Structures are given as structure tokens and as C-alpha cells.
Amino acid sequence: MVTNKLKNIKQIKNMNVLWLTMLVLVLSVSCKVDDDDLRSPSFSTTPEVFIDGFSGGLEYNAFGGSDVFAFDLDYEETYGGTEASMKFAVPDLNSPAGTYAGGVFFVAGGRDLSGYTALTFYAKASKSATIDVIGFGNDLGENKFDVSLSGLPVNTNWQKYYIPIPDPSKLTAEKGMLYYAEGPENGEGYTFWIDEVQFENIGLLAHPKATMMGDQNLVKLAYVGVDVGIDNVGYAVNLPSGVFQSNNLTTSYFDLVSSNKSVVVIDKDNTINVVGPGLALIQGSVNGVDASGTLTLNVQGSFGSAPAPAYDAANVISIYSDHYNNVPVDFFNGYWEPFQTTVSEDFNVDGDNVLNYVNFNFVGTQFSNPTIDASTMTNIHFDIFIPGAVGSSTNLNIVLRDFGADGTDGGGDDSNISVDYTSADLVQGAWNSFDIPLSGLTNTSALGLIIYEGTDLPNFFADNIFFYN
Amino acid sequence: MRYSNQTKFMKDLFQSGAILTVLLFFSACDKDNTQNLPERDYSLIWSEEFEGNAGESLDSTIWTYDIGTGDNGWGNAELQYYRDSPDNVSLDGDGNLAITARNQSFGSSPFTSGRIKTKNQFSTKFGRIEANIKLPYGPGVWPAFWMLGDNIDNVGWPQCGEIDIMEARGQLPSITNGTIHGPGYAAGASIGEAYSLGNDRFDKDFHIFAIEWGEDYIDFFVDDFRYNRITADEVPGEWVYNKSFYMLLNVAVGGGFVGFPTSGTPFPQTLLVDYIRVYQEQ
């Protein structure tokens, strides 16, 4: 139900930006430390995730805003008449229990999956539907090696599904065994089942194809000292049925090389370090398969900091600036599951700290402990720098939310200001300064959240975020 | 190559399971030598190594082309138009023959491909006939390496006999079929078996498809593993294989054996043949 995705995104943001987690099942984990534990750093190679029950160490966390009771075991509707399956009850639209079904099955200790080539499972549903996303590699943290399928078609028959491991050698300590998120189909809830979930060393997947930078040869401006990342990556593999399946994956699966080490150096974490002026071509591969699409960095020189703010500190409440003392902030990136793609690659050039949002779709900055009392302030200021191209459809939406009298997100008493900046407002390769009046808010004494959401804007820097009078 | 039906296919699949079991048994017990087969003193009498530059046409003293759509898609409701264009049949420059099926309209056909034969230029009777082949893939793609009796123009098909050394369905990339068609046991009643690679696919690498053929028997091999023997006394009609046959290679798109291609069938699809070698017993 892909069309619901954007709706889900908004619902997730609106409902709750904090993790609402629920530990449904924790199998016993031995706390005893013996000699083997001390000597051996190796991880379990157990391939089973869910066959007829939770495999050893597997736990479940529901996503924030989802129906935390959506997942249950089913002892009747099982694949091949086996003992149990996983049942997922997708709620109706606007269900008070939660707006979608979603969560993560993980092992706290991690597993060594380097001997397997795919996660496989069987699935069926109470009616034909497309599941928004199913994958592995969501570890409730960095999600470094996430691979997923979007828009997975299911029907009333059990079918086998394959999610390839693009480079098994990277999964030596993976915690994320399986995750999913699915909203209502045309507003209606339904049920789907998953069974026989396991990692397999399967030789039936073939002809892998990797893409980066949207399969294009892109040129981007870059600055000495400001790391950049690749984006818009994809991975397709031919299934045992002879057709290709497109998979989402994280950039961590790509091995990168630079054509010019005096301009760009790739460090051992595959970070692209910009070290000098000039041109450098960056090519990628996944497990030896060359990716189509390249990134050429045109490095002009050192990065120019955002203009120093002119306001007196007495008239400023600063969220993020090296020119003022900043108030406490919960986070500058909430990593909102499951649809946020934005990763933070913040940097520091000559003592100036800059926020850097890469693979940007939406991201939030929260300051709720305590909320900010900006009742004596008139505006909020942002400096935004866009290193990539500004296209005709490029758009940056900034939302500022007050948490209302209850001082918490939600509860029906919040209000928002929302401002769109379009291609006419945005200049590539320069700092764009924006000032938004607070007059549209109901309660400026309990401000709690900034949400950025973008279209055709994969990367931007931010600095000097503060309220002023 | 000519015909088949679902019942036959299911039977083949079932039989392939039994063969796999045997294969696993052998590989578990003796990793070096999988089968005890009678020793044969074969000598190479003919080979086609497909050496040449990329895009080069085939040796016309060996190969000729079937062109067009035949009668009812070559008897099988196949969808492609066979051409002699290097776009469809050529050397790849790496020592392989490339037969490429394309999603390209030609005439009234939605696809083009190639079908070549040694008819009237090379034929053989008995011995070992092998080809090292990497298969194409995708629903509705139907590659084959096969033989027809030299006397086809006099007696017609299936009286001439047909030996399918390899034919496969692109939607089942782990499975090949070895089959014979003759009088009284052609098309859906043909005799043969399927062979599965198990946890591997024929489109990932080259594999050797072969027959070892003598008086009143034909043995079918994949990578030197014999997965079937057909003898004269088990066919429900005349045994028409004690005579010369010529070779054919083609990639069909669609047809009764394989079904229609789908929107998910990747094109172009290429059959690569590293070599064909013919041996005879001394």
C-alpha cells in the first residue's frame, strides 16, 4: 500500500516522535560469563529467525505510532501445517490503537550472517495487498546494513520471498533479523502472516546489479574538510523465477574508490574525505559488482562558514550555533522509523560545527527537556546550505511546533508553523538565511520540535538555528 | 524441443528429485568420482570453438540459419522472428557463440532471436556430442541445443527423430531437460527427464550438456553426470536414432513448452556457447 506511505510518514511524525517501544517477548539470555565468552568474540551463526517460534535471543519492538498489538503468534494459519506462524493485524485507518503495523525483530547480541546469501520467508494475507516494507538490518540503532523490499505483493496463497544479502562478508555482527511496516489498504485493515523466516545460503539468486547516485553520473560541489556520502542507491537481483527484484539497501554495502587521492580519500569506513581542491571521480561496487552511476566531486577549496549572526546574545535563545550558548536539545536527528532515510554526517571545519543531513527526506530536531519558552522572542533563524543542485521541483519545508499547555508532543493542544522554500528561494553552493516569525503559533512558551521535509533535495547543511527578538 | 505439456513437466520434475537424491548420495560418499560409468575410448572428431572477433558472423561452411516464423511459430506457437543478423547471432569475441533474443518487433513478431543448424554441412552418428553453454533466463525464454535426423525432408517429423540434448525454461533456471521425440512418442508423449542443479542455476556459469549415443541407447549428461539413459526397448514406437543427425541451437521466446514471456522477463537474453565437440569411439 505504497500510496499510504506519505500519510504514514506524517502520522508517525504527528503521533509521536519518541520511540514507543514495547517488549513483547524476551527469551531468556544467559548472564553467566564463562571462559568461552571471554575468549571468543565470534557471534552465533544461527540461520533461523522464526520457524515455529522465536529463535534464540530474538526480541520484538513495535515502531512508534504503530499498533503495538499488531503482531502475535498464530497456531492455526501456518505454512505447511507447521506449529506456529507470525500474524500481523494491520489496523484500520485512524485506529486509536495505532495507525499502522510495524516493528523490529532483533537479537541483542548480534549474529554472524556472513555464510548466508538471503533472508527468506513465506507470506500470505487475508486479501491481496502490498506490504509497505519488509527487510532486515534494522538494529534499532544505526541500521547500517539495512536491506528491504518496498511494496511487497502478497495474496491469499503462501509464497516464498527472498531478500538478498548484497555482501554477506559485511554481516559479521548483525542484530536486525526482520522488520516490517504496513498501513491499511484503502483505509481498511487486514491480516498477513509470515512463516519459516531464516537466512539461507541460497545459490538461486543471480545477476546482481547495483546502482548509486540514481544511476546517473553526477557532479557535486564539495569542500575541503566536509565529508560527503553517496546516495540514491539500489540493488536488484534475479529471483529463482527468472525476474528481477529491486531491493532497497544502505550505502554501507558499497565499497568506494577515488580517482584522485589528492582530492578525495576513502577511509576504511568508506567515508568520503575531501582533502584538497580539484576533481575526483568516485565509483562504487557491491561485493565485487560494479555499480552503475558515479559521483564526481568538484572541490573548490575550504568551506565558508555561515555568516556570523548579528544579534546580541541577550536577545537570543540558541538551538545550534557556535556563536551562542545553546539550550539542551534531545536530538538533531530522531531517526524516525521506518520511513526516514536521513542520515546525519555533521562536520566541523576550523572549529565551526555544521549539521549535515544526507539522504534527506525528512528529519526532526527535538528540544522537549525542557521545552523552549520563546514567548519573548519574535523569530526563528536558520542558515541553510545546499551543496547539490537546486532543481525546479526542489522544496524544503520547515515546521516549528509548540507542544501546547501540556508541554508534550501530541495531546491535541499543539500548533505548527509550516513554511515552504522552493527553488526560487534556494541558492546552490551558498548560505541561505531564513527568518520565520513566531506569530503563527498558539503557545510560544512551550516550543518542542523542528521538522524538515524535502523534495528533490538529498543533502543540506544547517547552522545558526536560534530564536531572537 | 518441439512440444511438451504440463503433465509431462510435472513428471520430469518429480523424476529430477530422484536424480538429485542420487547425486547427493554420490557427492557425499565420493567427492572425486561421482559415478561408475563404463570407460569409453572417445576421440575428438569435430569441434566448433567459436573463436573470432566480436560481432563476427558464424562459419558459413558449418552453419546455416532458419529465418522467420516457420509454420505456427515453428510448430510451437513461438513468438519470435528468427534472423541472421549479428544482433541475434554472432561471435562475442571471447570465444563464444552468442544467440540473443531481443524485445524488438520484426515483421509481425514482437521479438527477434536466432536459430542455427548444421543441416547438410555436418552430421554425425553415435559418439559423444557435448556443448559448454551458459543459458539465458527469464519467463518465456526457451533455449535449446538439439539434433534432428538427416532424413527429415524425406520422412518428416517425428519420423526423422529428435534428440534434445538441452532445453530449458527461463522461469526455471536450475532445470534442464533431455528428451527424445520419435514416431509414436513425440510432442507431449516424448521421452525424457529433467535435471536440476539444486541450489544453483544454469545461467550463472557455463555447464557441459552432452549425450553419449550408441546403438539402441542414448545417455544424457550434465557436467559429466549421467542423469538419464533411454534405450530402444523402452520407447513405445520405432527407435529412429541408429543413423546420422545434425545439430541445432536456438533461443525461442514463448511457445507451448515455456509459456508467454511476462513484463518481468529481462531482455535481451543471450545464450552463450563456448564450444561444441563431437567424439567417436575408437
Side-chain angles (χ1 to χ4, degrees), chain A residues 2 45 47-48 80 113-121 128 130 149-155 157 159-168 196 198-211 215 234-247 286-290 292, chain B residues 9 13 16 20 23-24 27 100-101 103 111 133-143 167-177 194-207 222-223 251-255 257-272:
Chain A
V2 174
T45 57
E48 296 87 9
L113 302 175
S114 58
Y116 306 109
T117 58
L119 176 70
T120 68
F121 57 88
S128 292
T130 55
L149 301 175
S150 296
L152 186 76
V154 287
N155 63 31
N157 300 308
Q159 294 180 79
K160 188 168 186 178
Y161 296 88
Y162 303 82
I163 305 180
I165 303 176
D167 184 353
E196 311 298 306
Q198 58 189 317
F199 290 92
E200 287 191 69
N201 183 8
I202 193 161
L204 301 177
L205 305 177
H207 316 299
K209 298 182 205 171
T211 56
D215 202 11
Y235 186 78
V237 69
N238 195 262
L239 298 175
S241 61
V243 302
F244 277 96
Q245 171 179 285
S246 295
N247 310 275
V286 176
N287 200 15
V289 175
D290 288 342
S292 57
Chain B
F9 171 56
L13 265 183
S16 74
L20 253 185
L23 177 65
L24 290 171
S27 62
T100 302
N103 187 1
F111 303 95
I133 303 176
K134 186 175 178 182
L135 296 193
Y137 57 96
V141 176
W142 177 12
E167 65 178 332
R169 299 170 175 88
Q171 63 268 44
L172 296 170
S174 299
I175 294 173
T176 182
N177 299 270
Y195 174 79
S196 171
L197 279 180
N199 192 24
D200 198 359
R201 301 168 45 144
F202 284 110
D203 57 343
K204 290 173 82 169
D205 215 335
F206 284 86
H207 293 272
V222 170
D223 297 330
V251 179
V253 180
F257 177 78
V258 71
F260 292 121
T262 69
S263 60
T265 303
F267 281 101
Q269 280 299 320
T270 300
L271 172 85
L272 291 176

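Here the structure is a predicted model, which is why all the values come from computation and not from measurement. Just so we're on the same page: letters track the sequence lines, and every chain starts at 1.
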| said: Need one label for Asn238(A): side chain, backbone, both or neither, based on atoms under 4.5 Å from any heavy atom in chain B. | reply: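 Its backbone and side chain both get close to chain B.
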
| Test item: Thr265(B) and Val243(A) side chains (from C-beta on) under 4.5 Å apart, heavy atoms |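 When only atoms from C-beta onward are counted, Val243(A) and Thr265(B) do not touch, as no gap falls below 4.5 Å.
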
| field | Asp200(B) side chain reached by Leu204(A) side chain, heavy atoms, under 4.5 Å | value |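 Result no, sub-4.5 Å side-chain heavy-atom pair not found.
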
| task | Output yes when a side-chain donor or acceptor of Lys204(B) lies under 3.5 Å from a complementary backbone atom of Leu205(A), and no otherwise. | result |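 Yes; judged by distance alone, with no hydrogens or angles, the pair exists.
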
| query | Which of parallel (below 30°), tilted (30 to 60°) and perpendicular (above 60°) describes Tyr137(B) and Phe244(A)? | reply |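 Perpendicular.
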
| request: Grab the two heavy atoms, one from Pro266(B) and one from Gly242(A), that are nearest each other, plus how far apart they are. | output: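 For Pro266(B) versus Gly242(A), the nearest heavy atoms are CD-O, 3.5 Å.
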
